[in-house]
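Data block below; observations after.
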Amino acid sequence: MEEEIIKSGMEEMKSVAEIFGDDGGAFRFGGKWIVLTNDMLVESSDVLKEMSPEDAGFKCVTMNVSDLVAMGSEPMYFGFSIGLPEENLRNVKKYFRGIAEALRLYGMRLISADTNSARELVIDGIALGMADRLLLRKNARSGQVVCVTGDLGKCFSALLVSLRGFDADEGVRKALFEKILRPRARADLVGELVRISECAIDISDGLVKELKEISEASRCGIVIYPEKIPVSGEVLEFCSVNSLNPIDIAMNSGEEYEIIFTADMNDLESAEFDFTIIGEVVEGSGVWIRDRSGLREAEDRSWKHFSQNSAV
């Protein structure tokens with residue numbers, strides 16, 4: 001349902017937009033691209049009971065910075081509006097402290113802020129960055145490989161522990177929650193990504209969902225090899241204890257804020273950061289899984305706002 005709402009709204013906006021509909025929007029200013037994005041953190045859908053006010057503020061910044069990174073822009077400025085109920089006013093300095101910590105981490109400056117009353121915590125962030133060249137979802141080409149940074153699955157696993165009471169020993173639990181409580185955008189990779197790629201997207205909703213966005217925008221097919229998807233030892237242990245499939249967990253784990261990108265194999269030879277090749281771009285449409293049982297269409301079981309049919 002979320003996708004239909006967004007797409008119908010985007011149709012209304014296209015006539016008054018410049019570059020619009022990727023992880024952020026962009027416009028030319030002099031010889032540079034100015035990239036602008038906004039992302040909202042809402043208590044009932046984005047804040048776990050384990051999350052401190054500082055964590056919530058920090059996460060809101062990361063959510064926005066990750067969108068800038070996915071478009072190839074260096075994070076520069078941040079603004080936000082925060083709404084919260086009166087009984088939560090005692091935590092307002094803590095939310096601000098978390099935002100400030102994140103801005104220092106990403107080397108950004110605060111340029112605007114607003115406060116208001118609300119029925120639940122809402123932090124609506126807006127971030128601005130600058131790019132020499134944009135990374136766009138529509139730029140994937142047949143013959144390229146599909147790559148991802150980092151490892152996947154910790155956030156989905158942490159949700160299952162928090163919301164469903166799944167088992168995890170202390171060491172595993174700590175690793176899972178570290179990723180979801182203090183997610184880090186891959187701002188360290190902007191220069192390298194722009195050098196070797198033209199197409200990227202961040203993993204905010206899940207690997208399968210993000211690949212479908214690239215497939216649709218680029219009018220191409222994507223084949224992924226599940227055995228290549230990077231999964232940490234903690235996720236493997238968690239899945240073993242709880243009789244879960246770690247690949248299913250990794251493919252549908254949202255709020256990872258790792259980067260998916262496509263590139264020509266030759267360009268990857270000079271890459272100076274860690275990534276994993278998980279598939280390839282092909283002629284056709286849709287996202288497909290190829291394993292020993294053959295080729296099948298990938299199922300998107302990621303979290304969906306405005307829907308009761310979510311991954312958790």
Side-chain angles (χ1 to χ4, degrees), residues 2-3 5-41 60-81 102-103 106-112 123-141 144 146-149 184-205 209-220 256-264 267 273 281:
E2 179 187 11
E3 290 81 1
I5 293 171
I6 292 172
K7 287 178 181 177
S8 65
M10 284 176 57
E11 289 300 320
E12 297 292 330
M13 292 295 180
K14 282 183 179 178
S15 63
V16 293
E18 195 159 344
I19 290 184
F20 178 72
D22 267 61
D23 286 275
F27 60 92
R28 281 282 191 183
F29 188 80
K32 298 280 189 177
W33 285 100
I34 303 299
V35 180
L36 193 68
T37 186
N38 59 290
D39 208 346
M40 182 185 299
L41 180 142
C60 184
V61 178
T62 288
M63 291 160 58
N64 283 276
V65 171
S66 188
D67 286 339
L68 295 180
V69 173
M71 292 193 71
S73 62
E74 295 282 354
M76 298 179 65
Y77 300 104
F78 186 76
F80 70 94
S81 296
L103 294 181
Y106 298 120
M108 303 176 74
R109 303 291 289 181
L110 180 68
I111 56 173
S112 178
I123 310 177
D124 189 15
I126 184 167
L128 184 148
M130 188 175 291
D132 293 316
R133 181 170 62 83
L134 296 179
L135 302 177
L136 299 174
R137 301 174 186 181
K138 68 179 184 179
N139 288 341
R141 300 188 306 274
Q144 293 184 322
V146 179
C147 309
V148 67
T149 64
R184 303 295 178 93
R186 300 308 307 266
D188 56 315
L189 302 182
V190 172
E192 279 288 285
L193 287 169
V194 171
R195 187 174 67 83
I196 65 174
S197 177
E198 294 180 344
C199 171
I201 191 171
D202 77 324
I203 304 179
S204 53
D205 294 319
K209 184 177 183 297
E210 314 302 357
L211 290 174
K212 288 188 174 184
E213 295 284 353
I214 292 176
S215 171
E216 183 176 329
S218 294
R219 298 182 179 181
C220 65
E256 295 279 350
Y257 303 114
E258 298 292 347
I259 301 295
I260 303 166
F261 63 97
T262 69
D264 295 322
D267 292 331
F273 64 98
V281 184

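Side chains are part of it too, since the values below use all heavy atoms of this structure and drop only hydrogens, waters and symmetry mates. Numbering of residues begins at 1 and proceeds along the displayed sequence.
Closest non-hydrogen pair, Gly72 versus Val190, comes out as O-CG1, 3.6 Å. The two residues Ser218 and Ala140 come nearest to each other via the heavy atoms OG-N, 3.0 Å. Nearest heavy-atom pair across Ala70 and Ala200 is O-CB, 3.5 Å. In this structure, Ala26 and Leu134 approach most closely via the heavy-atom pair CB-CD1, 3.7 Å.
Asp67 contributes no side-chain N or O that, together with a main-chain N or O of Thr37, makes up a donor-acceptor pair within less than 3.5 Å. The backbone N or O of Asn64 lies less than 3.5 Å from no partner atom in the side chain of Asp39, so there is not a single donor-acceptor pair. At least one donor-acceptor pair under 3.5 Å links the side chain of Ser197 to the backbone N or O of Thr262. Using a distance-only test at 3.5 Å, with no hydrogens or angles considered, a donor-acceptor pair links the side chain of Tyr106 to the main chain of Ala185. With Ser73 contributing its side chain and Met130 its backbone, the two residues share no donor-acceptor pair below 3.5 Å.
In this structure, the side chains of Ile196 and Phe261 come closer than 4.5 Å at one or more pairs of heavy atoms. Put simply, the side chain of Val65 does not reach to within 4.5 Å of the side chain of Tyr257, judged on heavy atoms. Lys32 places a side-chain heavy atom less than 4.5 Å from the side chain of Asp132. In this structure, Leu128 and Met108 have side chains that are not in contact, with every pair of non-hydrogen atoms separated by 4.5 Å or more. A heavy-atom distance below 4.5 Å is found between the side chains of Asp264 and Arg141. Side chains of Leu189 and Val69 form no contact here, defined as non-hydrogen atoms less than 4.5 Å apart. Contact annotation: the side chain of Glu210 approaches that of Asp205 to within less than 4.5 Å [non-hydrogen atoms, C-beta and beyond].
Rounding to the nearest 0.5 Å places CG of Leu41 at 10.0 Å from CG of Asp124. Note that OG of Ser66 and CD of Glu256 are 10.5 Å apart. Values are rounded to the nearest 0.5 Å. From Cys147, atom SG reaches atom CZ of Phe273 across 7.5 Å, with rounding to the nearest 0.5 Å. In this structure, the separation between CE on Met71 and CD1 on Ile201 is 10.5 Å, given to the nearest 0.5 Å. Annotation: the span from Asp188 atom CG to Thr149 atom OG1 amounts to 8.5 Å, rounded to 0.5 Å.
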Taking it one step at a time, do Asp202 and Arg186 satisfy salt bridge (Lys or Arg N to Asp or Glu O under 4.0 Å)?
-> CA-CA 9 Å; Asp202 77 324; Arg186 300 308 307 266; over 6 Å; no

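Checked by atom type, the side-chain pair Ser112/Tyr77 shows no donor-acceptor distance below 3.5 Å.
None of Ile214, Leu136, Leu135 except one satisfies the side chain to side chain contact (heavy atoms under 4.5 Å, CB included) rule with Cys199; the exception is Ile214.
The number of heavy atoms from other shown groups lying within 6.0 Å of CE (Met76) is above 12.
Ionic pairing of Glu213 and Lys209 is present here: one or more N-O contacts between side-chain nitrogen and carboxylate oxygen are shorter than 4.0 angstrom. Salt-bridge formation is not detected for the pair Asp267/Arg195: no Lys NZ or Arg NE/NH1/NH2 atom is positioned less than 4.0 Å from an Asp or Glu carboxylate oxygen.
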